[in-house]
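Here's the structure, in structure tokens; my notes come after.
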Amino acid sequence: MSTQDTPLPSEPVDFSLDLNGHEMTRRTHVMAALGSDWDPVEALRGEEEAYDMLYSGLDAEQQRLYDTLVEAGVLPRRGSGRAAA
């Protein structure tokens with residue numbers, strides 16, 4: 001009997017795949033691509049500055065929408081609660 005003639009199981013089959021080895025290889029490649037001079041604290045500071053710039057200078061309607069998104073939990077509250085903080 002060939003594998004093509006084997007009937008499919010009628011019940012679910014347990015299946016698991018361990019990707020830990022692949023994940024460690026992926027992380028190794030990511031860290032190599034970032035380089036030895038990558039500074040995670042500086043990268044986070046840069047992200048925070050970018051967010052501050054993104055949400056600065058909003059007009060009244062944009063500020064209202066920003067406040068609505070913060071209240072809904074979609075965006076985190078920044079600074080003093082005003083987008084331009």
Side-chain angles (χ1 to χ4, degrees):
M1 180 180 245
S2 74
T3 56
Q4 294 176 345
D5 298 331
T6 305
L8 295 175
S10 58
E11 296 291 320
V13 177
D14 255 351
F15 180 80
S16 65
L17 184 61
D18 185 2
L19 296 175
N20 285 330
H22 293 288
E23 177 62 14
M24 293 311 295
T25 300
R26 184 193 70 80
R27 289 181 184 187
T28 300
H29 288 293
V30 167
M31 294 307 292
L34 289 172
S36 61
D37 60 341
W38 179 64
D39 181 0
V41 174
E42 186 57 37
L44 185 57
R45 280 190 197 116
E47 281 188 31
E48 289 297 317
E49 288 175 19
Y51 278 118
D52 289 343
M53 288 173 39
L54 177 64
Y55 296 116
S56 67
L58 302 180
D59 64 26
E61 178 61 17
Q62 291 168 331
Q63 184 67 52
R64 185 195 63 74
L65 181 58
Y66 171 83
D67 292 338
T68 301
L69 292 172
V70 168
E71 302 245 345
V74 175
L75 294 174
R77 185 161 304 280
R78 301 190 65 75
S80 65
R82 303 304 295 167

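For this chain, numbers begin at 1 and follow the sequence in order.
Here the NE2 atom belonging to His29 is positioned 13.0 Å from the CG atom belonging to Leu34, to the nearest 0.5 angstrom. Rounding to the nearest 0.5 angstrom, the gap separating the CZ atom in Arg77 from the OH atom in Tyr66 is 6.5 Å. In this structure, Glu49 CD and Leu54 CG are separated by 13.5 Å, a value rounded to the nearest 0.5 Å.
The hydrophobic clustering, which links ILVMFWY residues whose side-chain heavy atoms are closer than 4.5 Å, places Tyr55 and Val74 together.
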For residues 35-47, dump all side-chain donor-acceptor pairs below 3.5 Å to protein atoms at least two apart in sequence or in another chain.
from, atom 1, to, atom 2, distance (Å)
Asp39, OD1, Val41, N, 3.2
Glu42, OE1, Arg45, NH1, 3.4

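Panel note: side chain Glu71, backbone Thr68; no donor-acceptor pair is recorded below 3.5 Å.
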